[in-house]
K.L.:
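Okay, handing you the structure first.
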Amino acid sequence: MIKKILVSQPKPTSEKSPYFEIASKYGVEVVFRPFIKIEGLSAKEFRQQKVSILDYTAVVFTSRNAIDHFFLLCKELRVTIPEDMKYFCITETIALYIQKYVHKTEKFLDTIINVNKDMITNLLDSKKLIHKEVVMYRTVSNDFKSDEKFDYDMLIFFSPSGIQALLKNFPDFEQKEIAIGTFGPMAISFCSK
């Protein structure tokens with residue numbers, strides 16, 4: 001019987017979240033506890049990749065974190081972004097836009113996280129576009145405190161990084177009767193290994 005569910009994400013800001021409906025309907029306690037957090041690279045760490053942002057005419061953003069960390073890093077590096085820099089965000093609509101309208105002369109800077117599945121790289125490669133992957137932020141484990149209880153009947157994960165963080169925090173973890181749920185193809189494929 002599931003009474004307490006751990007969701008490895010921040011608590012939703014809207015009360016209209018389906019998690020609250022599930023908690024009310026089934027009488028379960030839902031605890032929101034992110035297993036991972038995002039941190040930006042320092043200017044020094046970024047420079048070690050030997051990439052000059054101004055050598056590129058377009059930037060591919062894979063998330064809001066990518067956007068935030070790109071502009072923070074530019075500020076820290078004192079890089080003034082030209083007005084004609086192009087930006088692309090990754091959704092199916094934008095991916096189709098890139099395939100159809102991008103000129104072969106564009107040089108893309110692909111802003112990625114330290115755990116990348118190469119989807120963007122493969123797309124740009126398939127279209128024979130000039131690009132460079134550059135890490136601007138990373139996923140790190142959001143460590144549990146030693147006095148933090150781990151008494152859940154179900155765990156919900158959204159990425160392989162969350163599952164890795166569980167195993168880092170609890171190296172002797174045994175699933176036993178704990179139900180595990182995953183969302184997203186990467187988490188599902190990682191969990192099934």
Side-chain angles (χ1 to χ4, degrees), residues 8-10 33-92 94-95 97-99 101-146 157-171 182-191 193:
S8 65
Q9 294 282 297
R33 180 20 173 120
F35 275 53
I36 57 173
K37 57 187 173 184
I38 305 295
E39 54 179 47
L41 267 60
S42 68
K44 179 181 177 182
E45 291 170 313
F46 178 77
R47 282 189 204 100
Q48 291 172 348
Q49 297 178 79
K50 299 184 183 341
V51 171
S52 173
I53 292 169
L54 297 178
D55 286 347
Y56 297 87
T57 58
V59 181
V60 178
F61 292 120
T62 55
S63 70
R64 287 180 292 182
N65 283 314
I67 294 168
D68 292 343
H69 291 290
F70 174 79
F71 287 106
L72 285 170
L73 203 50
C74 286
K75 184 176 180 181
E76 188 177 343
L77 294 167
R78 294 188 179 101
V79 171
T80 303
I81 302 297
E83 287 184 27
D84 61 346
M85 179 73 82
K86 295 174 187 74
Y87 303 101
F88 297 92
C89 297
I90 299 306
T91 64
E92 185 175 331
I94 299 303
Y97 177 84
I98 289 171
Q99 292 176 17
Y101 296 105
V102 168
H103 301 286
K104 300 287 184 188
T105 58
E106 298 294 351
K107 291 176 71 180
F108 288 90
L109 188 60
D110 183 7
T111 59
I112 61 169
I113 194 161
N114 64 322
V115 287
N116 181 28
K117 288 300 282 182
D118 299 325
M119 180 184 79
I120 308 309
T121 299
N122 294 340
L123 173 66
L124 296 174
D125 283 345
S126 74
K127 299 301 173 188
K128 296 182 175 41
L129 298 171
I130 301 165
H131 66 94
K132 171 76 175 169
E133 287 183 344
V134 60
V135 176
M136 295 194 162
Y137 55 106
R138 64 180 149 242
T139 303
V140 295
S141 176
N142 195 9
D143 292 340
F144 282 71
K145 297 177 181 126
S146 60
F157 294 99
F158 296 82
S159 72
S161 299
I163 298 166
Q164 290 168 335
L166 168 72
L167 299 174
K168 177 185 179 270
N169 280 280
F170 304 99
T182 61
F183 290 97
M186 290 186 342
I188 291 168
S189 66
F190 185 85
C191 207
K193 290 181 182 177

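Values below: every heavy atom of this structure, side chains too, minus hydrogens, waters and symmetry copies. Fair warning: this is a prediction, and the values are worked out from it, not measured in the lab.
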K.L.:
Can L41 and Q49 be said to form a side-chain contact (heavy atoms from CB on, under 4.5 Å), step by step?
P.N.:
CA-CA 11 Å; L41 267 60; Q49 297 178 79; 3.7 Å; yes
K.L.:
For the pair E45 and V135, evaluate side-chain contact (heavy atoms from CB on, under 4.5 Å) and give the outcome as yes or no after the intermediate values.
P.N.:
CA-CA 9 Å; E45 291 170 313; V135 176; over 6 Å; no
K.L.:
Could D143 and K168 be called an ion pair, given the rule that one side-chain N must be under 4.0 Å from one carboxylate O?
P.N.:
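Answer for the salt bridge query: yes.
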K.L.:
Measure the shortest side-chain to side-chain distance between Y56 and I130 over non-hydrogen atoms and say whether it is less than 4.5 angstrom.
P.N.:
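Y56 vs I130: side chains apart.
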K.L.:
Search all heavy atoms of R33 against all heavy atoms of N142 and return the closest pair with its distance.
P.N.:
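In this case the closest contact between R33 and N142 is NH1-O, 2.9 Å.
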K.L.:
Is the number of heavy atoms from other residues, nucleotides or ligands under 6.0 Å of K75 NZ greater than 12?
P.N.:
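Not buried by this count: 12 neighbours or fewer within 6.0 Å.
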K.L.:
Let me confirm one number: the CG-OH distance from D68 to Y137, rounded to the nearest 0.5 Å.
P.N.:
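Interatomic distance, D68 CG to Y137 OH, rounded to 0.5 Å: 9.5 Å.
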K.L.:
Does any non-hydrogen side-chain atom of M136 lie less than 4.5 Å from one of I53?
P.N.:
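They are in contact (side-chain heavy atoms under 4.5 Å apart), so the answer is yes.
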K.L.:
If you measure from the Lys or Arg side-chain nitrogens to the Asp or Glu carboxylate oxygens, is any gap between K44 and E76 under 4.0 Å?
P.N.:
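No, this pair does not count.
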K.L.:
Run the side-chain contact (heavy atoms from CB on, under 4.5 Å) check on T139 and K37 step by step: do they pass?
P.N.:
CA-CA 6 Å; T139 303; K37 57 187 173 184; over 6 Å; no
K.L.:
Could you measure the distance from the OH atom of Y87 to the CD1 atom of I81? Nearest 0.5 Å is fine.
P.N.:
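Spacing of OH (Y87) from CD1 (I81) equals 5.0 Å.
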K.L.:
To the closest 0.5 Å, what do you measure between CD1 (I36) and CG (L166)?
P.N.:
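Atom-to-atom, I36:CD1 and L166:CG are 12.5 Å apart.
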K.L.:
Provide the full list of ring pair (Phe, Tyr, Trp, His ring centres under 6.0 Å) pairs with a residue in residues 34-55, sequence neighbours left out, each pair given once.
P.N.:
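For residues 34-55: F35-F144, F35-F157.
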K.L.:
Rounded to the nearest 0.5 Å, what's the gap from SG on C74 to CG on L54? Could you check?
P.N.:
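So the SG of C74 and the CG of L54 are separated by 7.5 Å.
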K.L.:
Can you check whether V59 reaches M85 side chain to side chain, under 4.5 Å on heavy atoms?
P.N.:
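Yes - at least one pair of side-chain heavy atoms lies under 4.5 Å apart.
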K.L.:
Can you name the closest pair of heavy atoms from P10 and P34 and give their distance?
P.N.:
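Looks like N-CG, 3.7 Å.
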K.L.:
Roughly how far, to the nearest 0.5 Å, is CG of N169 from OG of S146?
P.N.:
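Here the rounded value is 11.0 Å.
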K.L.:
Can you list the steps and then say if D55 with K132 is a side-chain contact (heavy atoms from CB on, under 4.5 Å)?
P.N.:
CA-CA 10 Å; D55 286 347; K132 171 76 175 169; over 6 Å; no
K.L.:
Heavy atoms, side chains only, cut-off 4.5 Å: are V140 and R138 in contact?
P.N.:
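The answer is yes, as the side chains (C-beta and beyond) meet within the 4.5 Å cut-off.
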K.L.:
Nearest 0.5 Å please: distance from the CG atom of D84 over to the OG1 atom of T57.
P.N.:
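Answer rounded to 0.5 Å: 8.5 Å.
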